Amino acid sequence: MPENGWPADRIDTENAHSARIYDYILGGKDYYPADQEAGDAMAREWPALPVHMRANRDWMNRAVRWLVEEAGMRQFLDVGTGIPTSPNLHEIAQSVAPESRVVYVDNDPIVLTLSQGLLSSTPEGRTAYIEADFRDPATILAAPELRETLDLDRPVALTVIAIVHFVLDEDDAVGIVRRLLEPLPSGSHLAMTIGTAEFAPEEVGRVAREYAARDMPMRLRTIDEAHEFFEGLELTDPGIVQVHKWHPDGTGEQGIRDEDIAMYGAVARKP
């Protein structure tokens, strides 16, 4: 676990953090003992947790490739980026269209410190990083890095992946997503994954309690609640489905059971 260069005064190493738990379970290296303890406790409650998290990551890979290849997206605003894990979003997009531009947004100081891995763009494209909270869309939209990197007269793909289940009702996750979409022109897309407990309610409920016990309460959503994020948009096929059922390409883990996945995924176009 690297430490040199990290802003130690800003990083809470004593308490688990959702992005570092995710990194630990996916086999990364940017976590602390508290994150390992939390990840192990959660996996004991729901042994399918690593399968679920890998499926979410695989969905991101497929969705970004689809957005570039099928929807023609060349600009991305990725809010809630998390700890860099190769291939990162820009690496996927630029492998298909080297001119692609990506703006990453996160408020975790570890992500900021490791953001060099998010800024290794192709010469034809460009990447930028904004330190901001998902719950503060005004700061995101006002950031000079956004306007300097993306042309808001052209379509942008807004990606909000594995974050809204940490946004409680009082913070209005649906309203935040709509505010982020507001300045994006027609032809832009929204790509989201949304946590749910509909397929393994007892097991996922126990995982949620482990998160809550570490001051990370969760808001898991039903399929009807997931649809609220896409009101006014044109859902692309196959609509809102569990992430392992969205355009499977045979490259991810095989034989995944529905009860092993607690995440919906969907892509929609702004008319």
Side-chain angles (χ1 to χ4, degrees), residues 18-20 22-23 26-28 30 53-108 110-134 137 140-141 143 145-146 148-152 154-164 166 177 180-181 184 187-194 229 236 243 246-247 249 251-252 263 265-270:
S18 59
R20 300 196 309 251
Y22 187 71
D23 183 73
L26 288 179
D30 299 304
M53 287 187 169
R54 285 194 296 270
N56 179 77
R57 186 74 192 183
D58 290 342
W59 181 91
M60 187 275 285
N61 295 351
R62 298 194 307 276
V64 171
R65 185 170 289 276
W66 186 93
L67 284 163
V68 177
E69 292 179 342
E70 303 298 329
M73 293 293 101
R74 298 295 184 268
Q75 302 191 109
F76 291 81
L77 174 59
D78 181 55
V79 184
T81 295
I83 292 172
T85 303
S86 189
N88 292 301
L89 191 154
H90 75 279
E91 294 171 321
I92 299 166
Q94 291 178 350
S95 71
V96 180
E99 70 273 22
S100 297
R101 294 183 165 218
V102 178
V103 173
Y104 292 107
V105 181
D106 207 291
N107 69 333
D108 185 340
I110 288 182
V111 179
L112 172 64
T113 301
L114 298 174
S115 64
Q116 194 58 42
L118 302 172
L119 301 176
S120 55
S121 173
T122 59
E124 303 94 327
R126 189 171 177 184
T127 63
Y129 182 88
I130 299 171
E131 185 179 13
D133 194 305
F134 170 78
I140 296 170
L141 295 173
E145 295 88 348
L146 177 66
E148 291 168 0
T149 307
L150 305 182
D151 178 358
L152 298 190
R154 297 171 52 235
V156 175
L158 171 64
T159 55
V160 182
I161 300 172
I163 183 174
V164 294
F166 292 114
V177 171
L180 290 169
L181 278 170
L184 307 185
S188 294
H189 283 67
L190 170 64
M192 287 188 71
T193 60
I194 301 164
F229 288 98
T236 64
V243 288
W246 194 91
H247 292 274
D249 59 7
T251 61
M263 197 80 78
V267 175
R269 181 183 182 276
K270 182 177 180 179

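Quick caveat, the model's predicted, so the values are computed rather than measured.
Between T127 and L119 the shortest heavy-atom distance is OG1-CA, 3.0 Å. The two residues V68 and A97 have their closest heavy-atom pair at CG1-CB, 3.8 Å. Contact record, E148 with R101: O-NH1, 4.0 Å, taken as the closest heavy-atom pair. The two residues S100 and M73 make their nearest non-hydrogen contact at OG-O, 4.5 Å.
Atom CG of residue L184 and atom CG of residue L141 lie 7.5 Å apart, to the nearest 0.5 angstrom. Here D58 contributes atom CG and H247 contributes atom NE2; the two are 15.0 Å apart, rounded to the nearest 0.5 Å. The CG atom of L146 sits 5.5 Å away from atom CG of L152, with the distance rounded to the nearest 0.5 Å. Atoms CD1 and CG, from I130 and L77 in turn, are 6.5 Å apart once rounded to the nearest 0.5 Å. Between S188 atom OG and K270 atom NZ the span is 6.0 Å, to the nearest 0.5 Å. Atom OG in S121 sits 12.0 Å away from atom CG in N88 (nearest 0.5 Å).
W66 and W246 have perpendicular rings, their planes meeting at more than 60° on a 0 to 90° scale where under 30° would count as parallel.
Under a 3.5 Å cut-off, the side chain of R154 and the backbone N or O of Q75 do not form any donor-acceptor pair. Side chain of N107 to backbone of A132: no donor-acceptor contact under 3.5 angstrom is found.
Residues passing the side-chain contact (heavy atoms from CB on, under 4.5 Å) test with A191 are W59, L67, T159, V267, sequence neighbours excluded. Applying the side-chain hydrogen bond (donor to acceptor under 3.5 Å, both in side chains) rule to T236 yields no partners; only residues at least two apart in sequence or on another chain are considered. By the side-chain hydrogen bond (donor to acceptor under 3.5 Å, both in side chains) test, R74 is found to be paired with E99, residues two or more places apart in sequence or in another chain being considered. Taking the salt bridge (Lys or Arg N to Asp or Glu O under 4.0 Å) definition, one finds that R54 meets it with E253, sequence neighbours left out. Scored by the ring pair (Phe, Tyr, Trp, His ring centres under 6.0 Å) test, Y129 finds no partners at all (sequence neighbours excluded). Every residue meeting the side-chain hydrogen bond (donor to acceptor under 3.5 Å, both in side chains) condition with T193, not counting sequence neighbours, appears here in chain and number order: N56. Here R269 pairs with E234 under the salt bridge (Lys or Arg N to Asp or Glu O under 4.0 Å) rule; sequence neighbours left out. Taking the side-chain hydrogen bond (donor to acceptor under 3.5 Å, both in side chains) definition, one finds that T81 meets it with D78, sequence neighbours left out. The side-chain contact (heavy atoms from CB on, under 4.5 Å) search around A128 returns V103, E145, T149, not counting sequence neighbours. Residues satisfying the salt bridge (Lys or Arg N to Asp or Glu O under 4.0 Å) test with D151, not counting sequence neighbours, are none. With sequence neighbours excluded, the residues that form a side-chain contact (heavy atoms from CB on, under 4.5 Å) with T122 are Q94, P98, E124. Applying the salt bridge (Lys or Arg N to Asp or Glu O under 4.0 Å) criterion to R65, with sequence neighbours excluded, gives E69.
In this structure the side chain of R62 reaches within 4.5 angstrom of the side chain of D249, judged on heavy atoms. Side-chain contact check for L89 versus Y104: some heavy-atom pair is nearer than 4.5 Å. The closest side-chain heavy-atom distance from H90 to S120 is below 4.5 Å. The side-chain heavy atoms of F134 and V105, taken from C-beta on, include no pair separated by under 4.5 Å. Contact of the F229 side chain with the V164 side chain is registered, since non-hydrogen atoms from C-beta on lie closer than 4.5 Å. Taking the side chain as every heavy atom from C-beta outward, T85 and R57 approach each other to under 4.5 Å.
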Derivation and outcome, side chain to side chain contact (heavy atoms under 4.5 Å, CB included), residues H189 and L158: CA-CA 6 Å; H189 283 67; L158 171 64; over 6 Å; no

Intermediate values then yes/no, side chain to side chain donor-acceptor pair (under 3.5 Å), E91 and S86: CA-CA 8 Å; E91 294 171 321; S86 189; 3.1 Å; yes

